[in-house]
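Report on the following structure.
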Number of protein chains: 2
Amino acid sequence: MTDTMAETTDETAIQMGEIQNSLGFLLRVAQIQTFERFFESLGSYGLKPGEFTVLWVIGLNPGMRQGTIARHLSIKPAHMTKLVGRLIKQGFVAREQHTEDRRAVRISLTEQGRDFVAENKGAFLMQNAHERNQLSPEEMETLIGLLQKLTGRDTHAS
Amino acid sequence: MTDTMAETTDETAIQMGEIQNSLGFLLRVAQIQTFERFFESLGSYGLKPGEFTVLWVIGLNPGMRQGTIARHLSIKPAHMTKLVGRLIKQGFVAREQHTEDRRAVRISLTEQGRDFVAENKGAFLMQNAHERNQLSPEEMETLIGLLQKLTGRDTHAS
DNA sequence: AGAAAATAGTTTACGCGGAAACTAAATAGG
DNA sequence: CCTATTTAGTTTCCGCGTAAACTATTTTCT
């Protein structure tokens, strides 16, 4: 599962240098791994992490504008359109015209969407369960806190 | 159905729930931001983070097989082919046939490639300089250590 | 040796996500 | 009012990264 030490070709003596400590590099690898884990639990439904996140937030904010949700999730408008389109096609989300501002689009979950979120909430949040990775609960907490701070998403940001 | 049915027009009052603490979500946002920072410094050269990383590792391991490097960087073979192709087109990398195994491809940096890496090494590694983000040096160190552990890439396990 | 399997890398087809151009609706300015 | 600007979302086009199929070479097995 982890790096196969058995494979002892001379080629494996690779030098990585400071890249090993590069934030960008580590974030990339971490995300790849997280992505893979996600598919182990939710992949069977053909849903991607981003899609589940959107579903989740729509569920918490029914009737909100899709643009607002996109902005808060750092999703680009163009991408949001397609994302919502997919979710609608799957029957999880419904669009409704904003009555006051007819440019705006309100979105909310369908019954099916609510059920889906409720069912898979656990699996999704399991991502940071320490059983699934190398970190202790405290370490995971620290990591998440630091990432929140790094991204300016900690609740008590300056 | 629930009490959250109140339609929110206020943008700031968005609910995110446990997603805020989701490792996957935070990794995604962090990576987007890191990506943006990268372009501020190296974007002018039209080089992507992944490309610079590959360039870097080739520089540290001249003449190594491209597949070996790919594996160590969690890059898929197909992608590696295109990556190397681009780097060759830019004049940074050179291919040479492996003499013993004619299937294998050895790659190394050109003079231009070495110069480029030397020039931009500082800018690339600056990513984790605390001046560029919200974290103190110690916090950054902790974060990097935790990410290494999470990804199983902490070579010098504490 | 010769067929079969394994290995290295490439090509092809596809989906995701982004930038920019576009449409539609609301607001501002005269 | 009526044009001009802004805002919300969509569409179009493009590049990245992946899976799967493919080519070429090496190894294994009999």
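Since the structure is predicted, the reported quantities are computational estimates derived from the model, not experimental observations.
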Have a look at A/Ile69 and tell me which of A/Ile58, A/Val84, A/Leu83, A/Leu60 forms a side-chain contact (heavy atoms from CB on, under 4.5 Å) with it.
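Only one option passes, and that is A/Ile58.
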4.5 Å side-chain heavy-atom contact, B/Arg28 and A/Gln31
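In contact.
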Give the rounded distance in Å between these two atoms: [atom1] of [X] and [atom2] of [N].
X: A/Ile75; N: C/dG17; atom1: CD1; atom2: P; answer: 8 Å
X: A/Gln97; N: C/dA25; atom1: CD; atom2: P; answer: 8 Å
X: B/His79; N: C/dT11; atom1: NE2; atom2: C1'; answer: 15 Å
X: B/Arg106; N: C/dG9; atom1: CZ; atom2: C1'; answer: 15 Å
X: A/Leu73; N: C/dC16; atom1: CG; atom2: P; answer: 18 Å
X: A/Leu83; N: D/dT11; atom1: CG; atom2: P; answer: 14 Å
X: A/Glu51; N: C/dC16; atom1: CD; atom2: C1'; answer: 10 Å
X: A/Lys76; N: D/dA8; atom1: NZ; atom2: P; answer: 16 Å

Could you check whether the side chain of B/Arg103 and the base of C/dT7 have a donor-acceptor pair of N or O atoms closer than 3.5 Å, going by distance alone?
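A donor-acceptor contact between them is present.
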Is there a donor and acceptor pair, one atom on the side chain of A/Lys82 and one on the base of C/dG18, closer than 3.5 Å?
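Present.
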Categorize [X] for me: base, sugar-phosphate, or nothing, with a 4.0 angstrom heavy-atom threshold over every strand shown.
X: B/Arg95; answer: sugar-phosphate
X: B/Arg86; answer: sugar-phosphate
X: A/Ala104; answer: sugar-phosphate

Taking for each residue the nucleotide of DNA chain C bearing the nearest heavy atom, is the 5' side occupied by B/Val84 or by A/Ser74?
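It is B/Val84 whose nearest nucleotide is closer to the 5' end.
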Which residue lies more 5' along DNA chain C, comparing A/Phe35 with A/Asp101 via nearest heavy atoms
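Looking at the nearest nucleotide for each, A/Phe35 comes out on the 5' side.
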Starting the side chain at C-beta, find the nucleotide from C/dT10, C/dG18, D/dG9 nearest to A/Gln66.
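The answer is D/dG9.
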Residue B/Arg65, side-chain atoms from C-beta onward, closest of C/dG9, D/dG9, C/dA20
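When the side chain of B/Arg65 is considered, C/dG9 is the closest of C/dG9, D/dG9, C/dA20.
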Using modelled atom types only, decide if a donor and an acceptor are shared between the side chain of B/Thr81 and the backbone of B/Pro77 within a distance under 3.5 Å.
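Checking the backbone N and O of B/Pro77 against the side chain of B/Thr81, a donor-acceptor pair under 3.5 Å is found.
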Does B/Arg102 have a side-chain nitrogen or oxygen under 4.0 Å from the phosphate oxygens OP1 or OP2 of D/dT25?
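It does, given that an N or O in the side chain of B/Arg102 lies less than 4.0 Å from OP1 or OP2 of D/dT25.
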Do the side-chain N and O atoms of A/Asn21 and B/Glu141 include a donor-acceptor pair separated by under 3.5 angstrom?
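No pair is found: no donor N or O on one side chain lies under 3.5 Å from an acceptor on the other.
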Side chains of B/Gln112 and B/Thr110: any donor to acceptor distance under 3.5 Å?
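Result is no, nothing qualifies.
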Earlier contact from the 5' end, DNA chain D, for A/Ile32 and A/Thr81
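Looking at DNA chain D, the more 5' nearest nucleotide goes with A/Thr81.
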